[in-house]
Amino acid sequence: MTWQEICDDPTFQDLPYKIETNEYGQVVMSPASNQHGRQQSHIVVLLSQLTSEGEVITECSVNTEKGTKVADVAWLSSDFVRRHALTTPYPEAPEICVEIRSPSNSESELEDKMRLYFNRGAREVLVCDSFGNVDFHGPLGELAASALVSDFPERI
């Protein structure tokens with residue numbers, strides 16, 4: 001199935017899981033807790049307050065060489081929005097992708113997703129743990145702070 005077919009399929013509607021696909025075209029589901037949703041909303045508010053232009057979205061689908069991956073939160077510049085509008089999934093990654101670590105996420109899975117986002121053009125990936133600690137990553141490795149959003153806190 002294509003990502004659009006999955007989005008349009010009524011059997012996948014209203015699932016309490018985040019859905020992605022892997023490199024084999026299989027649907028992969030991850031349950032999201034209320035804490036996950038809470039952190040997601042905090043990050044949306046912070047990015048909205050700390051960026052002057054562009055848009056912040058949740059559940060941002062990105063087509064990668066290993067299937068469609070879905071960033072929990074993403075910041076899209078105005079230029080990105082002009083280029084891609086409502087395309088689903090996006091053919092490239094937004095400038096900032098945010099992953100909120102779930103108990104089911106392994107370190108290697110998160111590293112792989114970061115690599116996939118960077119391979120598709122992301123400039124920064126933020127990873128938030130269950131305690132609200134935020135790690136910042138650029139294409140060349142971990143960063144001390146966000147290079148794109150000044151004053152983004154290390155803990156939310």
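From a predicted model like this one, the values you see are computed outputs, not experimental measurements. Scope of the values below: all heavy atoms of this structure, side chains included, with no hydrogens, waters or symmetry mates.
Heavy atoms only, all atoms of each residue included: Val70 and Lys113 are closest at O-NZ, 3.6 Å. Listed here is the closest heavy atom pair of Ala71 and Cys97: CB-CB, 4.0 Å.
Heavy-atom contacts from other residues, nucleotides or ligands closer than 6.0 Å to CZ of Arg38 number 12 or fewer.
The hydrophobic clustering, which links ILVMFWY residues whose side-chain heavy atoms are closer than 4.5 Å, places Val127 and Leu143 apart. Transitive grouping of hydrophobic side chains (ILVMFWY, heavy atoms separated by less than 4.5 Å) brings Leu126 and Leu50 into a common cluster. Linking Ile, Leu, Val, Met, Phe, Trp and Tyr residues whenever their side-chain heavy atoms come within less than 4.5 Å leaves Val28 and Ile19 in two separate clusters. Note on Leu110: it clusters hydrophobically with Tyr117, by side-chain heavy-atom contacts below 4.5 Å among ILVMFWY residues. Note on Phe136: it clusters hydrophobically with Val98, by side-chain heavy-atom contacts below 4.5 Å among ILVMFWY residues.
The line from OG of Ser48 to CH2 of Trp75 is 11.5 Å long, rounded to the nearest 0.5 Å. Distance check, rounded to the nearest 0.5 Å: CD1 of Ile96 to SG of Cys60 gives 12.0 Å. For the atom pair CG (Asn119) and CE (Met114), the distance works out to 12.0 Å, reported to the nearest 0.5 Å. Between the CG atom in Asp72 and the CD atom in Gln40 there is a gap of 5.0 Å [rounded to 0.5 Å].
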Full working for side-chain contact (heavy atoms from CB on, under 4.5 Å) between Thr58 and Val44 = CA-CA 8 Å; Thr58 59; Val44 167; 3.6 Å; yes
key: Step-by-step side-chain contact (heavy atoms from CB on, under 4.5 Å) determination, Val73 to Leu47   = CA-CA 9 Å; Val73 179; Leu47 283 173; 3.9 Å; yes
ask   = When you look at Met29 and Glu20, which way does the side-chain contact (heavy atoms from CB on, under 4.5 Å) test go after all the steps?
value = CA-CA 6 Å; Met29 296 186 287; Glu20 296 179 319; over 6 Å; no
inquiry  = Using the rule given for side-chain contact (heavy atoms from CB on, under 4.5 Å), can you reason through Val45 versus Gln49, listing the C-alpha separation, both sets of side-chain angles and the distance that settles it, and then say yes or no?
reply    = CA-CA 6 Å; Val45 169; Gln49 291 173 342; 3.6 Å; yes
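Partner Lys66 forms a side chain to side chain contact (heavy atoms under 4.5 Å, CB included) with one of Asp112, Asn22, Thr21 and no other, that one being Asp112.
Put simply, the side chain of Asn63 never gets that close to the backbone of Thr68: no donor and acceptor are under 3.5 Å apart. Judged by distance alone, the side chain of Glu5 and the main-chain N or O of Thr2 form a donor-acceptor pair under 3.5 Å. Here the side chain of Glu95 pairs a donor or acceptor atom with the backbone of Ser77 at under 3.5 angstrom.
The list of side chain to side chain donor-acceptor pair (under 3.5 Å) pairs with a residue in residues 127-141, not counting sequence neighbours, reads Asp129-Asn133.
For the residue pair Ser102 and Ser104, no side-chain donor N or O sits within less than 3.5 Å of a side-chain acceptor on the partner.
Classification of Glu99 and Lys69 as a salt-bridged pair fails, no side-chain N sitting under 4.0 Å from a carboxylate O.
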For residues 145-156, which side-chain donor-acceptor pairs fall under 3.5 Å, sequence neighbours excluded?
{"residue": "Ser146", "atom": "OG", "partner": "Glu124", "partner atom": "OE2", "Å": "2.5"}
{"residue": "Ser146", "atom": "OG", "partner": "Leu148", "partner atom": "N", "Å": "3.2"}
{"residue": "Ser146", "atom": "OG", "partner": "Val149", "partner atom": "N", "Å": "2.9"}
{"residue": "Arg155", "atom": "NE", "partner": "Phe131", "partner atom": "O", "Å": "3.3"}
{"residue": "Arg155", "atom": "NH2", "partner": "Phe131", "partner atom": "O", "Å": "3.1"}

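Not counting sequence neighbours, the partners of Phe80 by the ring pair (Phe, Tyr, Trp, His ring centres under 6.0 Å) test are His84, Tyr90. Under the rule for a salt bridge (charged side-chain N to carboxylate O under 4.0 Å, His left out), Arg123 has no partner lying at least two apart in sequence or in another chain. In this structure, the side-chain hydrogen bond (donor to acceptor under 3.5 Å, both in side chains) partners of Arg101, at least two apart in sequence or on a different chain, are Glu107. In this structure, the side-chain hydrogen bond (donor to acceptor under 3.5 Å, both in side chains) partners of Gln4, at least two apart in sequence or on a different chain, are Asp8.
Ile43 is listed as a side-chain neighbour of Ile100, based on a closest heavy-atom distance under 4.5 Å. A 4.5 Å side-chain heavy-atom check between Glu59 and Lys18 finds at least one atom pair inside the cut-off. Ser61 is listed as a side-chain neighbour of Trp3, based on a closest heavy-atom distance under 4.5 Å.
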